[in-house]
Every structure is written in C-alpha cells, then in structure tokens.
Peer 1: 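Shown below is the structure under consideration.
All chains are named by letter (A, B, ...) in the order of the sequence lines, taking the proteins before the strands, and each is independently numbered beginning at 1.
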There are 2 protein chains.
Amino acid sequence: MRPAALDWSVENCTIARAMEILGERWTVVVLREVFNGVRRFDDMRVRTGIPRQVLTNRLSMLVERGVLRREPYREPGSRPRHEYRLTGMGLDLWPVLVAVLGWGDRYLADPEGPPLTVTHRDCGAEVRAALRCAEGHDVTEPQDVVPVPGPGARRRG
Amino acid sequence: MRPAALDWSVENCTIARAMEILGERWTVVVLREVFNGVRRFDDMRVRTGIPRQVLTNRLSMLVERGVLRREPYREPGSRPRHEYRLTGMGLDLWPVLVAVLGWGDRYLADPEGPPLTVTHRDCGAEVRAALRCAEGHDVTEPQDVVPVPGPGARRRG
DNA sequence: TTGCTGAGTCTGTCAATCAGACCTAGCCTG
DNA sequence: CAGGCTAGGTCTGATTGACAGACTCAGCAA
C-alpha cells in the first residue's frame, strides 16, 4: 500500500524546522543545563565538556533564534558579566525535554536508575510527557495517533 | 545563587544519551517519515533530499540502536526488498516527535498553518504533548516543574 | 604592575556532511 | 539469454563542523 504521505510536500515541515535548531549534537544538552539552572558559560563548559568554540556557537545560535537571551548581571566584587536565560520560546521546550528524558530513562539509563527526575512543585510527584487529544482523551497507544495533512499542507510538485 | 545542579555529575545523563541517537541532523526527520508510513529508502530520499550516504548511515544506526528494524517484503513481480519499521523502542518516541511538532507548529510554521497535524483515531481531535505528574495533575507552567536528582545521581568527582 | 578569572577567539586536525557518479541483484522483455 | 530497469545502495572528492589546545581581553584586586 502506497503511503498517503508521499503526496504531500515536506518543504514546510515544522519538525524539520525545529530540528534545524535542536538537531545539533549539543543543543539539547545546553538547554538541559539552562533548565537545570546552570546559566554561565564556564559552568556549562566544565559540566558538559563541550569545546569552548562549540559552546560559543551553540549559545549564540540559540540567542539568535530566540530560545535564549543574554542577561547582564553583576556579582559584588567582580566586573559585570552576563548569563543565559530561557525566553518564552525556550520555556516552551519543556515538554520536548521531558519527553526526551522519559524515553532516555526508559531505554538508556544505567541499572541503578536515571540521574535526574522532574517533579511537580505542588505535590512532588514525578512529571512525565503524555499525549492527549483536544477532547481530553488520553492517548496511550501509538497506533491511536493518525497523522493528517494540516492547513498549511502542500501537494508535491 | 549557585545552582544545585553543579554538584551532580552529568556523565550518565539520559538526555545526553538520547541525544546521541536523536541529535544528528537528519535522524528525527527520518523518524518522522517512518511514523508517517514512509518506509522505503528511495521514498524517503526523494521526499527529504537527504544524501544517499547519510540516509544509509542514519538508517543503519537506527537499526543498530534498536529504534528501527529491517523487514523483508516482496511486491508481486519484483524481487524481495526490505523496508524500515519502528520497533517498540521506536514507537515510544511518539511523544518526543509530537512535542517537537507542537513546538515547531507554534513558533516556526508558515502563516497559513502547519502542514501536518496528528489526530486521535477515535475522535479525530488534535493530539498534543502535555506534561502531567504521577498524581494526575496537569502541569502547564514551566515553573511548576522542579528537577531533582534521581536514583542514579552521582556526586561530581 | 602584575596576576586572576570568566568568557571568549585563533589555529590546526580530524570526522561528518554533501553532491554526484558509479555499482549490483534480481526481475522483465525481446 | 543479452540488455535494460530499478531499489538500494558504494565510492570519491570538496566543504563544513567538531574538537583540543594555546592565546586574548576586560576589569577587579593585591
């Protein structure tokens, strides 16, 4: 059976566009750091082992794309510096990070368990990414999700 | 304030491990194709424009890592071939793909809207990735999620 | 004046990406 | 059974990116 997807163009696919930002080796690791509250160049570098040049590139790319912003700050007794903080666009990446974390925890963790969990501030219970439809139904089986062309779909030329 | 994360090692971080698989330029795009039902080498290549060599590499990497499997099939009147299908581990990437799609749709879509939506098979309503805690509370604000060291956490040496 | 520190830049090496040409197994047609 | 077609690749060479290690630079402090 010929997949229906073959009739539709992928030139404006938003997954591809998102992966142009997120799809470089270290980008998501940098975002993990920022979500964890690590906001300064050298802290990130020491923790992650990312080469300086690459970290510089990734951070400026993320600033340029609007995911992070540079925020000046000044600690008493040192000169003014800046740190990297999430913008609204960046904060909205939480579900992506949590989804990746959940998958990694399930298939790639060491036997003793994952090194990090995310919890709900109010009740302390573990937070996970779940799929839900606009009608409020939970979607647990992958087979229950059907991709369909959206408003911006274009036929292939 | 010094971030607590600095005390913890990241060597066994499951996000980093997941991104070793997902974090290459084309991997997620390949997965998007497979989730959309496009399972054959040439269909993918024509649709995505991925260079042959790279597509070969990505597919065999994904097979090797257990995300895809090669399935032989035979269409009447042609020789036996094989196609790529998701394993259980691969199917569990749905929440990741949907989360990326949701973010991309929100910030990177063309004005006329996203080219693809995912819907619930039963009711046809749009499916989105949401965060929920184990107690069943919905988590809508990024600030309501708190990262804490998990069972596999190691102090930094 | 010299030194320290956070946040870089510069340089050279090595690996990955990419485009484009070439190859190959099995089927089909003449 | 020779030749062609096609899906699914290899091979080759040019460009880009990752990486390590050394160097730079601004401002504070001794």
Peer 1: By a strict heavy-atom criterion of less than 4.0 Å, which residues belonging to residues 45-60 of chain B are in contact with DNA chain C?
Peer 2: B/Pro51, B/Arg52, B/Val54, B/Arg58
Peer 1: Using a heavy-atom distance cut-off of less than 4.0 Å, which residues of residues 23-31 of chain A contact DNA chain C?
Peer 2: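 None, since no heavy atom is under 4.0 Å.
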Peer 1: Which residues satisfy the salt bridge (charged side-chain N to carboxylate O under 4.0 Å, His left out) test with A/Arg85, sequence neighbours excluded?
Peer 2: A/Glu83
Peer 1: Enumerate, atom names and distances included, each donor-acceptor pair closer than 3.5 Å involving a side-chain atom of residues 140-153 of chain B, sequence neighbours excluded.
Peer 2:
none

Peer 1: According to a strict under-4.0 Å criterion, is B/His82 in side-chain N/O contact with OP1 or OP2 of D/dG9?
Peer 2: yes
Peer 1: Is it the case that the side chains of B/Arg69 and B/Tyr84 hold a donor-acceptor pair, with the cut-off being a distance below 3.5 Å and no angle test?
Peer 2: no
Peer 1: Which residue pairs pass the side-chain hydrogen bond (donor to acceptor under 3.5 Å, both in side chains) test when at least one of the two sits in residues 45-55 of chain A, sequence neighbours left out?
Peer 2: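 Qualifying pairs: A/Glu33-A/Arg47.
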Peer 1: Find the distance B/Phe41:CZ to D/dG8:P and express it as a whole number of Å.
Peer 2: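 Answer to the nearest Å: 8 Å.
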Peer 1: On DNA chain D, nearest-nucleotide positions of B/Asp43 versus A/Pro80: which is more 5'?
Peer 2: B/Asp43
Peer 1: Of all residues at least two apart in sequence or in a different chain, which pass the ring-ring contact (aromatic ring centres under 6.0 Å, His included) check with B/Phe35?
Peer 2: B/Trp94
Peer 1: Can you pull the contact range of chain B along DNA chain C, 5' to 3', using atoms under 4.0 angstrom from its heavy atoms?
Peer 2: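 Span of nucleotides near chain B: C/dT17 to C/dC28.
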Peer 1: Listed by chain and number, what are the salt bridge (charged side-chain N to carboxylate O under 4.0 Å, His left out) partners of B/Arg25, not counting sequence neighbours?
Peer 2: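 By the salt bridge (charged side-chain N to carboxylate O under 4.0 Å, His left out) rule, B/Arg25 matches A/Glu20.
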Peer 1: Without placing hydrogens or testing angles, list every side-chain donor-acceptor pair under 3.5 Å for residues 123-133 of chain A, not counting sequence neighbours.
Peer 2:
residue	atom	partner	partner atom	Å
A/Glu126	OE2	A/Arg128	NH2	3.1
A/Arg132	NH2	B/Asp138	OD1	2.9

Peer 1: Name all residues meeting the salt bridge (charged side-chain N to carboxylate O under 4.0 Å, His left out) criterion together with B/Arg121; count only those two or more places apart in sequence or in a different chain, and write none if there are none.
Peer 2: none
Peer 1: Can you pull out every side-chain hydrogen bond (donor to acceptor under 3.5 Å, both in side chains) where at least one residue sits in residues 98-107 of chain B? Sequence neighbours excluded, please.
Peer 2: A/Thr14-B/Asp105, A/Asp92-B/Arg106, A/Asp92-B/Tyr107
Peer 1: What pairs with B/Arg154 under salt bridge (charged side-chain N to carboxylate O under 4.0 Å, His left out), at least two apart in sequence or on another chain?
Peer 2: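 So B/Arg154 forms a salt bridge (charged side-chain N to carboxylate O under 4.0 Å, His left out) with A/Asp110, A/Glu112, B/Glu11.
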